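Notes for the one structure printed next.
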2 protein chains.
Amino acid sequence: MIVVATTEKSSVATGAETSSKSETAYRYVLERIRSGSYGPGYRLVLSRLADELNMSVVPVREAIRRLESERLITFERNVGATVTGIDPTEYLYTMQTLALVEGYATALCAPLLAPADLARARDVNGQMRVRLADFDPRTFTELNLAFHAILFENCPNPHVLDLVQRGWNRLGALRSSTFAYVPGRAARSVAEHDALLDALAAGDDVVEIERLARRHRLATLEAYLAHAGT
Amino acid sequence: MIVVATTEKSSVATGAETSSKSETAYRYVLERIRSGSYGPGYRLVLSRLADELNMSVVPVREAIRRLESERLITFERNVGATVTGIDPTEYLYTMQTLALVEGYATALCAPLLAPADLARARDVNGQMRVRLADFDPRTFTELNLAFHAILFENCPNPHVLDLVQRGWNRLGALRSSTFAYVPGRAARSVAEHDALLDALAAGDDVVEIERLARRHRLATLEAYLAHAGT
DNA sequence: AGCGACGAAATCGTATACGATCAGTCTCGC
DNA sequence: GCGAGACTGATCGTATACGATTTCGTCGCT
């Protein structure tokens, strides 16, 4: 699992992590959603979760509401909580927004990238290229996240980075669905990564970098839309 | 008060609004923060709020945590909740992010704007110009929000609109602070509005629209940075 | 007078309890 | 046989209670 920006408060690695129970519940459910164990539509029963985690419903409730505000959970009064579904419209909203924030984040980070960082990113992209042969959406997605995570490592704006992270979490929820895979998209994605790395290495204008990075994400969306249209 | 996008679930105006207590608490505190009654650093005591609203601490807690995830409240374990402060760095993060999402939202909405909408926006901008004489930051800010709210009325991506709304809420918290006002900025802001309206009326490319709208917000940030630098 | 340690008050974190609301089912009448 | 209404079980929403932690004032010591 690759994690770029945790939403935790203390970024200091003091060791003694005093996380509250609600924090524990939050991470527990988030990880399940990210990994796909809790797929779209999965029903979350507060009391059951509370039992599972050896805590009462109050902290669980808090965690669920937090996930709700990140659009990962849909919570209906007196009905229950389910992992948010993924109709095409929501997919479009999410991908558009992600394209926006990823593009900007890439541009913000571009001037801060050392050659060594670019080399690591190239290496990851190389691994992706190798995996094109025996394609597995899950590992491919992980590598894709790793690739962009390298570019965002020194992001000077944590708010933007947080939005990127939320978008990724949201996509994680629908990773294993039919939306995730469009034939031929993976190979083009690898090629676009190379183009982006070339532009970064050449020290291109940040406007151009942002355009490239945004289009990279939008291309996936458009590929899906075209695929769904046929 | 101008509200563009409520975060409510039911956008249907069925009339019978069955809002939970936690929802009530959320709106109560949010409105206080937006309006400036609860300024940066204001201390929120859960039990006191609960008394004020005739409810127990549990729903209040929920509301506070929700506001925390929107960066409006800072909540520290066993210490308490305070309205999030506004150091220059946070201001930069917020304004950068807002420039990003406002710019994109403007571009998304541009093709959907009718001449009548532009006329209304011009009217609001006219009111702003009039108020330049006897400048009042509070009403000026409200008019500014109204101006952009008109442009965003038919926004096709609610996620982006939500991010804009969150940014505005966050700025509301620091409206009455020294950060909000930089001499001469208001007049330039009105001029930029006109330029943006001209571009919209001319049917300019969405890329250009986005660039203009983004720069409009960034200009405020840069004016502040320059002002603070002296 | 300044500084450190102790104690009490305030506040948060969570458990438990109970009322409210909804979905599904079962029965009764047509 | 089929539909309407009531009932039951499940689940959520909130109140209350209590333990844990921090903060702040006070007292004693140097």
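A note on names: the letters A, B, ... follow the listed sequences, proteins ahead of strands, and every chain is numbered from 1. Computed from a predicted structure; not experimentally measured.
The shortest distance between the side-chain N/O atoms of A/Arg48 and the OP1/OP2 oxygens of D/dT11 is below 4.0 Å. Between D/dT21 and B/Arg77, no contact under 4.0 Å exists linking OP1 or OP2 to a side-chain N or O.
Taking atom CD of A/Glu76 as the reference point, atom C1' of D/dA10 lies 16 Å away to the nearest angstrom. Rounded to whole angstrom, the span from the NZ atom of B/Lys21 across to the P atom of C/dG19 amounts to 15 Å. We find that CG of B/Asn78 is positioned 9 Å from P of C/dC12, with the value rounded to whole Å. Across the protein-nucleic acid pair, A/Leu49 atom CG and D/dT11 atom P stand 12 Å apart, rounded to whole Å. The interatomic distance linking A/Asn54 (CG) with C/dA15 (C1') rounds to 13 Å, in whole Å. Following rounding to the nearest Å, B/Leu46 (CG) and D/dT14 (P) show an atom-to-atom distance of 15 Å. Rounding to whole angstrom units, CG of residue B/Leu53 and P of D/dT14 are separated by 12 Å. For the pair B/Asp51 CG and C/dA10 C1', the interatomic distance rounds to 14 Å; values are reported in whole Å.
Counted by atom type alone, B/Thr139 and B/Asp136 present one or more donor-acceptor pairs between their side chains at under 3.5 Å.
Nearest-nucleotide assignment on DNA chain D puts the 5′-proximal partner with A/Gly80, out of A/Gly80 and B/Ser56. Nucleotides of DNA chain C nearest to B/Arg43 and A/Val79 differ in position, and the one nearer the 5' end is that of B/Arg43.
You'll find the side chain of B/Cys109 reaches within 4.5 Å of the side chain of B/Pro156, heavy atoms only.
Distances were taken from every side-chain heavy atom of A/Val58 (C-beta onward) to each of C/dT14, C/dT11, D/dG13; the shortest belongs to C/dT14. Taking every side-chain heavy atom of A/Val57 into account, C/dT16 is the closest of C/dT16, C/dT14, D/dC12. The side chain of A/Phe75 sits closest to D/dG13 out of D/dT23, D/dT11, D/dG13.
Atom CZ of B/Arg48 sits in a sparse spot, with 12 or fewer heavy atoms from other residues, nucleotides or ligands closer than 6.0 Å.
Here the closest non-hydrogen pair linking A/Leu30 and A/Leu72 is CD1-CD1, 3.7 Å. Across B/Arg61 and B/Leu46, no two heavy atoms sit closer than the pair CG-CD1, 3.5 Å.
Among the heavy atoms of the strands, none lies under 4.0 Å from A/Ile64.
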